[in-house]
Structure formats: C-alpha cells, structure tokens
S.K.: 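Shown below is the structure under consideration.
Lettering of chains follows the sequences in order, A, B, ..., and the numbering in each one begins at 1. Note that these values count all heavy atoms, side chains included, but never hydrogens, waters or copies made by symmetry.
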Amino acid sequence: MPELPEVETVRDGLARHVLGRTVVDVDVRRDYSVRRHEAGPLDFAARLTGRRLEAAVRRGKFLWLLLDEGAGRGDDALLAHLGMSGQLLVRGAHVVDARASGVTEGAVPSGPVGWVEHPHLRVRLVLDDGSALDFVDQRTFGHLSVPDLVTTPDGAPGGCGAARDVVPLPVAHIARDLLDPALDRRAVVAAMRTRRTEVKRALLDQTLVSGVGNIYADEALWRARLHGTRPTAALRATDAERLLDAATEVMTEALEQGGTSFDALYVDVNGASGYFDRSLAVYGQDGRPCRRCGTLVRRDAFANRSSYTCPRCQPRPRPRRA
DNA sequence: CATAGAACCTGTATGC
DNA sequence: TGCATACAGGTTCTAT
C-alpha cells in the first residue's frame, strides 16, 4: 500500500517524534512480523532494548532508524517495510482519538497509559518518555528487523553510478529513488531502455529505480501519456525522461498532501489520513471520465492487480510480431 | 543473468 | 443469511 510519499510521510513523523528516545521495552505480539530478523524475535528485542534512536532514513519504500552504539554492537538499524498495510504509530502518554486510529468506537484502552490498542498491533516499542512506537499491520506483508549497515559499492543498484552509501543489508539491492538528489536519472533512462519488458513493469522494478508502486505508476503513465504495456526497448529516451519526470512530480504532489489513502489502512504516525486520493486521475477511477479528454477510464488485469488507463490518452502499443 | 509468475496473510466487498 | 469468489497500496522466492 504505502509507496514513496506515504513512507516519507511516516519517516518525517518518526524524525519529529521519536528521535533521541531510548527503547526501554520491546513487545513482539506476532513473530511473523519480525520473520526477516534471522536471529529470531528474542534477539530482535534484545538488540533494540536500551538503544537510542538517532536518525530516520528512507530509500524507496524502506525506512530505518539508526541506533546508537550498543555494548558490543556494530553499526545497525531498526529497519521497517510497511508492505501492503503496515503502519507505524506514535502513541503518546495520552488517549488517542479512536476514529483517527482506525479503531472502532468503544475499543477498550489497554494498559495504564491509556492509549487505544489497535486490533492489528504486531510489535510495540516502549520508549523512555512513556510513549510507544506501534507497528500495526493487517495483512502482515510488512516487517521489522535489526540488520547490519553495509556500504554499497559505487555504481550499484540499477546500474546508476552515484555516491557510495551506507544502507541496511536488505536494502543493498534497492536502487535510489526518484526524490534522491544523488539519483542518476540519465542512467535510469539508459538502463530502462536496455530492459526487455514493458514500461510499467520497469517502473515498478525497485532495482531500477525505487519508490514507485501501483498507484503512482498508473498516475505517472497517464501524465506522460504512455500505455504501461509499451515495450521498454522501443521507448524513446525523451519518453522515458518524461515518464520519470511525471513520476517525480506526482509523488512530490502526493507528499505535499500527506500521501494517498482510501481508508484507515494508510495513516501517518498520528493516525491521520492523507488527501491525495482526491487528486488521482486514473487509479481506481474506472468508468469515470478522463479529466483531460472525457473518455472513460478503464481497468485491466495486471500481475494479480489492476492497471488503470485512459484508452485515448494512452493508446496501446501496436502488437509486435515475435 | 533476466524475466514472469506464485507465494506470503488478513480482511472487505460483491454476487449467487 | 451463508458461502464462494475477487480484490487490495509489495517484496521475495522460484521456475523458466
């Protein structure tokens, strides 16, 4: 669910609310949510307890909190991926509005502190000021872990030469994202055109350029007037550039609105929804008129999901012969 | 190596 | 009402 603008909204919230705090207790309610932590839930908790949260960093849809140097620990971080339905909620030592938290009316506040416990709470970190950081995740595709930080080689993911960087090990293969100033956009265009696939698949490939998901891919393609099934190999460089510009633009606008959310499944650290859903031109708009030409937006099956396009603004490519 | 599809899990909406 | 099916913002693993 959360794509770059939503994850960045969460990162910003964490930067403002939990940095400088120390983890005093870790409560793993569901082991599956820390399955990517190889050493298991107990080690996950042990590695976090007593550590201070120093910085909030993001690449694409991954975000992590740098940890201070623990006794005998190397460089590591609390890594989070929200998957399709993950949330990170900062719960202060006060009662949170039940509606904004996505909790039904009448939910029972839990614990002496008095905040409302979300039904899909998977992991809770209790912080030294009495607040808590809750990882909530309905579908459980998201996960938390405490991996080591590694230095990525020059010119790594996506074939984009750029400055060396330190990222958590599971992020080493993820390319820089479209809001990263160090991203080499020309290299992305070049790499995209060497792929033998369709342009929407390339846009969603996080090892080529990261941060774009199904919503913003469709929105970017509509803005660039390209059909997602266009073969990348036959794409003009100017078209590829226009597509990347469109994706950057739509994600920047979404970020300004606090991200896109259709329901309580996506919220910021305070439980509030973003407003960009009102600005979507095609995603989820099937049967409604294209705001540019009036033609009805259509939905097509795409990789166990859907793609939304304007058939007139985004003509399908001519079928190629093999 | 590159690419496409299945698998992972929980819940809601829709149709019969 | 009950039940079956389709679908949902993503990534990793596996098979070609």
Side-chain angles (χ1 to χ4, degrees), chain A residues 1-10 29-36 38 58-63 79-88 102-104 118-122 135-145 147 157-159 168-175 177 191-208 210-220 228-229 231-233 247 250-251 254-255 257-268 273-277 279-280 282-286 299-308:
Chain A
M1 132 217 146
E3 305 180 34
L4 189 153
E6 293 75 37
V7 179
E8 173 58 19
T9 299
V10 172
R29 300 291 182 87
R30 185 171 298 210
D31 288 355
Y32 190 74
S33 291
V34 296
R35 65 194 176 284
R36 293 276 163 193
E38 300 279 342
R58 179 190 56 74
R59 172 175 287 191
K61 304 168 196 170
F62 286 82
L63 77 85
L79 177 66
H81 195 291
L82 303 180
M84 294 282 262
S85 55
Q87 308 173 17
L88 283 167
V103 175
T104 51
H118 195 288
H120 301 304
L121 175 64
R122 307 305 188 196
F135 179 64
V136 168
D137 190 12
Q138 180 204 96
R139 289 182 71 184
T140 71
F141 285 171
H143 51 86
L144 302 181
S145 62
L169 183 58
V171 184
H173 69 294
I174 301 295
D177 60 64
M192 182 178 285
R193 297 175 73 220
T194 67
R195 296 287 173 98
R196 309 206 124 257
T197 185
E198 298 171 352
V199 66
K200 178 169 176 178
R201 291 179 182 281
L203 199 52
L204 291 174
D205 183 345
Q206 307 294 302
T207 69
L208 184 61
S210 69
V212 181
N214 205 37
I215 293 179
Y216 299 116
D218 280 359
E219 294 297 311
T229 62
T232 47
V250 70
M251 290 197 297
L255 182 54
Q257 309 262 328
T260 299
S261 70
F262 310 118
D263 48 40
L265 274 191
Y266 169 71
V267 293
D268 68 13
S273 293
Y275 292 99
F276 195 70
D277 60 309
S279 307
L280 296 175
V282 285
Y283 188 87
Q285 308 299 309
D286 48 316
R299 178 169 76 93
D300 293 288
F302 167 78
N304 288 325
R305 293 210 185 84
S306 301
S307 284
Y308 299 87

S.K.: Between A:R201 and A:F141, name the one whose nearest nucleotide on DNA chain B is closer to the 5' end.
M.R.: A:R201
S.K.: When all nucleic acid strands are considered with a 4.0 Å heavy-atom cut-off, which category describes A:H81: base, sugar-phosphate, or nothing?
M.R.: sugar-phosphate
S.K.: Please determine if a side-chain N or O atom of A:R305 lies less than 4.0 Å away from the OP1 or OP2 oxygen of C:dA8.
M.R.: no
S.K.: Measure from CG on A:L208 to P on B:dC1 and round the result to the nearest Å.
M.R.: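 Rounded to the whole Å, the gap is 17 Å.
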S.K.: Output the single nucleotide from B:dT10, C:dG10, B:dT3 whose closest atom is nearest the side chain of A:T197.
M.R.: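 The listed nucleotide nearest to A:T197's side chain is B:dT3.
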S.K.: So what stems show up for DNA chain C if we need 3 or more Watson-Crick or G-U pairs in a row, all under 3.5 Å?
M.R.: B:2-8 with C:10-16, B:10-16 with C:2-8
S.K.: OP1 or OP2 of B:dT10 sitting under 4.0 Å from any side-chain N/O of A:R30?
M.R.: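 Yes, A:R30 has a side-chain N/O under 4.0 Å of OP1/OP2 on B:dT10.
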S.K.: Within less than 4.0 Å of OP1 or OP2 of B:dC9, is there a side-chain N or O belonging to A:R122?
M.R.: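 No, because none of the side-chain N or O atoms of A:R122 sits under 4.0 Å from OP1 or OP2 of B:dC9.
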S.K.: Looking only at atom P, what distance separates B:dC9 and C:dC3, rounded to whole Å?
M.R.: 24 Å
S.K.: Distance check: side-chain N/O of A:Q206 vs OP1/OP2 of C:dT11, anything under 4.0 Å?
M.R.: yes
S.K.: Evaluate the criterion side-chain hydrogen bond (donor to acceptor under 3.5 Å, both in side chains) for residue pair A:D137 and A:S85; output intermediate values, then yes/no.
M.R.: CA-CA 5 Å; A:D137 190 12; A:S85 55; 2.6 Å; yes
S.K.: NA contact type, A:Y216, heavy-atom cut-off 4.0 Å: base, sugar-phosphate, or nothing?
M.R.: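 No contact at all - A:Y216 keeps every heavy atom at 4.0 Å or more from the nucleic acid.
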S.K.: Taking OP1 and OP2 of C:dC13, is either one under 4.0 Å from a side-chain nitrogen or oxygen of A:R36?
M.R.: yes
S.K.: With nearest nucleotides of DNA chain C determined for A:R139 and A:P170 from heavy-atom distances, which residue corresponds to the more 5′ nucleotide?
M.R.: A:R139
S.K.: When you measure from the centre of the six-membered ring of A:F302, is the NZ or CZ of A:R305 closer than 6.0 Å and no more than 45° off the axis?
M.R.: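 No, cation not above the ring by the 6.0 Å, 45° rule.
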S.K.: If you check the A:R299 side chain, which of C:dT12, C:dC7, C:dT11 turns out closest?
M.R.: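 Minimum distance to the A:R299 side chain belongs to C:dC7.
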S.K.: If the cut-off is 4.0 Å, is A:S85 near the phosphate of B:dT10, judged by side-chain N/O to OP1 or OP2?
M.R.: no
S.K.: Once you measure the plane-to-plane angle for A:H81 and A:H143, does it fall in the parallel (<30°), tilted (30-60°) or perpendicular (>60°) bin?
M.R.: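 The rings of A:H81 and A:H143 lie parallel, inter-plane angle below 30°.
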